Number of protein chains: 2
Amino acid sequence: MARPNAGTKGVPRLDRETQILTIASEEFGTYGFTATSVAAVAQRAGISKPLIYNYFGSKEGLYEACLDRGGSLVADEIERIARGDAVGIERGMQTLAGMFSLLEEQRYLWRLFFDSTAPTTGPIADSITLYADRIGKLAEEGVAELMTLAGNDDELDIAAMTSVWLGIVDSLMNWWVEHPEQTAEQMMQRCGRLLTALFGGGG
Amino acid sequence: MARPNAGTKGVPRLDRETQILTIASEEFGTYGFTATSVAAVAQRAGISKPLIYNYFGSKEGLYEACLDRGGSLVADEIERIARGDAVGIERGMQTLAGMFSLLEEQRYLWRLFFDSTAPTTGPIADSITLYADRIGKLAEEGVAELMTLAGNDDELDIAAMTSVWLGIVDSLMNWWVEHPEQTAEQMMQRCGRLLTALFGGGG
DNA sequence: TCGTGGTAACTTACCCAAGAGTCATATAGG
DNA sequence: CCTATATGACTCTTGGGTAAGTTACCACGA
């Protein structure tokens, strides 16, 4: 039977994998794990579904590969900033600045680790936990420093504040996704003004 | 053919609808629109799937009914607080207090309006927009007041800050869901301490 | 230079499970 | 006997996953 194009493209596996991962990350990050279909990724990549299964094994395998690529990127950057000597709010602002400049061209990446539609058991959950914990741990460390400066070392307070901080980053990332024309630099300046308003407006 | 229990329960329609809505709201709020199955709701209610379709027409109809019940509840409360004379951070804290005491027994309700897996077109999207806008508008009003006090009236700044504020509420609600033993009163006191730490720790 | 066979890249057409939605029918009570 | 309440057993679509085959290219011996 005629099978037009079968095997005619000859793209090396690594190149193809990279292309698929880039597209898949964007789809997963934009629509979430559940709402993303493997067929849609294949179509956007201009290839057929089985090729993806051939290279990544399953939808979960594909998501995991996306996580591994994006996770190291984000976690490494946050770790780099954590090794600096900024503390309290200043450390938070520097982390934001790092995220903005790192993710300017792939803002959706942030959402991969906080996707509520991803499986909660199995290898994906493990991988998410790995990176979310790595990110969360650094966040908690920064928050704990801030709280200590204020004389508060209640564990639940720190946990709640960490959750709030991650929520703030999440909100800003989502807002940024919805305002594609905003540059990383503009976002950073905006955050500075918001902070000023917070401290000057009603406290 | 034998159909055990068909029609034997005799529960009045309104009672049954209320029971279904309570269960469905919890499922939708906990797992999201997509991940919730009508069959699961039916099973938890101890009835069959067709009865739900008979009363609510479709899965979307069921979700819409949940939104209508929960939306008025939440939006009314926030509006009540907005009519008070608190401004700036104080208004934010009062809104939080209102949410905590209103939703103590149904914390998942908050998530109904910010469910990323819900349809983005059709009647559901309209209904979500209706309530999310009502809530979002009040949030924006409060944020705008705060910003004005600080001498900032940039529209994008206000929009971003509103998004952050809603993200904060969202984080706190999610954290609360994961800490069922915490009372509304404890949450409120915790928020007070977090605010203190923020202003005392690194600004 | 020319087969020729092995392998990497790739596709069509299918299977199958899950879940939304429907139909025809059954029971109880006024 | 008529209506409201209720159900078992379907259908149909969507989407993850697979079997089996096709094409291009390259190494290698005659």
Side-chain angles (χ1 to χ4, degrees), chain A residues 1-21 23-24 27-28 31-66 115 117-124, chain B residues 1-21 23-24 27-28 31-66 115 117-124:
Chain A
M1 194 182 307
R3 234 168 261 202
N5 289 334
T8 60
K9 297 170 186 164
V11 177
R13 177 164 181 156
L14 272 180
D15 292 2
R16 190 62 95 188
E17 283 181 350
T18 304
Q19 180 208 10
I20 294 173
L21 283 183
I23 293 174
E27 293 281 318
F28 282 133
Y31 305 110
F33 178 80
T34 302
T36 294
S37 83
V38 176
V41 174
Q43 193 178 3
R44 274 197 54 192
I47 57 173
S48 67
K49 208 171 42 157
L51 190 59
I52 296 186
Y53 279 92
N54 195 19
Y55 287 172
F56 297 97
S58 65
K59 187 183 181 182
E60 303 211 350
L62 179 60
Y63 193 74
E64 225 183 318
C66 294
D115 181 359
T117 74
T120 52
T121 58
I124 291 219
Chain B
M1 193 184 308
R3 235 166 263 202
N5 290 334
T8 60
K9 298 170 186 166
V11 177
R13 176 164 183 156
L14 272 181
D15 292 2
R16 189 62 96 186
E17 282 181 351
T18 303
Q19 180 208 10
I20 294 172
L21 282 182
I23 293 174
E27 293 282 317
F28 282 134
Y31 304 109
F33 178 81
T34 302
T36 294
S37 84
V38 177
V41 174
Q43 194 178 1
R44 272 197 56 191
I47 57 174
S48 67
K49 208 169 44 155
L51 189 60
I52 295 185
Y53 280 91
N54 194 21
Y55 286 171
F56 297 98
S58 65
K59 187 184 181 182
E60 304 212 348
L62 179 60
Y63 193 74
E64 227 184 317
C66 292
D115 180 0
T117 73
T120 52
T121 58
I124 289 219

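As the structure is a computational prediction, the values presented were derived from the model and not from experiment. Below, chains carry the letters A, B, ... as their sequence lines are ordered, and counting in each starts from 1.
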Exercise. What pairs of residues pass the salt bridge (Lys or Arg N to Asp or Glu O under 4.0 Å) test when at least one of them lies in residues 36-63 of chain B, not counting sequence neighbours?
Worked result: B:E26-B:R44, B:E27-B:R44
For this session: Keeping to residues at least two apart or across chains, list the salt bridge (Lys or Arg N to Asp or Glu O under 4.0 Å) pairs with something in residues 11-21 of chain B.
Result: B:R13-B:E17
For this session: Can you sort out the partners of A:S37 under side-chain contact (heavy atoms from CB on, under 4.5 Å), two or more places apart, ordered by chain and number?
Result: A:A39, A:A40
Problem set entry | For B:E64, all residues meeting side-chain contact (heavy atoms from CB on, under 4.5 Å), sequence neighbours excluded | B:P123, B:S127
Exercise. Under the ring pair (Phe, Tyr, Trp, His ring centres under 6.0 Å) test, which residues partner A:F33, sequence neighbours left out?
Worked result: A:F28, A:Y63
Problem set entry | Atom-pair distance (NZ on B:K9; P on C:dA26), nearest Å | 18 Å
Does anything in [range] reach DNA chain C, meaning a heavy atom under 4.0 Å, and if so which residues?
range                     : result
residues 10-19 of chain B : none
residues 34-46 of chain B : B:T36, B:S37, B:V38
residues 47-62 of chain B : B:K49, B:P50, B:Y53, B:S58, B:K59

Problem set entry | Any donor-acceptor N/O pair, A:T117 side chain to A:T34 backbone, under 3.5 Å | yes
Exercise. Can you list the residues that meet the side-chain hydrogen bond (donor to acceptor under 3.5 Å, both in side chains) rule with A:Q43, with sequence neighbours excluded?
Worked result: none
Problem set entry | Flag side-chain contact, heavy atom, 4.5 Å: A:L62 against A:I52 | yes
For this session: Check whether any side-chain heavy atom of B:I47 sits under 4.5 Å from a side-chain heavy atom of B:I20, and report yes or no.
Result: yes
For this session: Search all heavy atoms of B:P119 against all heavy atoms of B:I124 and return the closest pair with its distance.
Result: CD-CG2, 4.0 Å
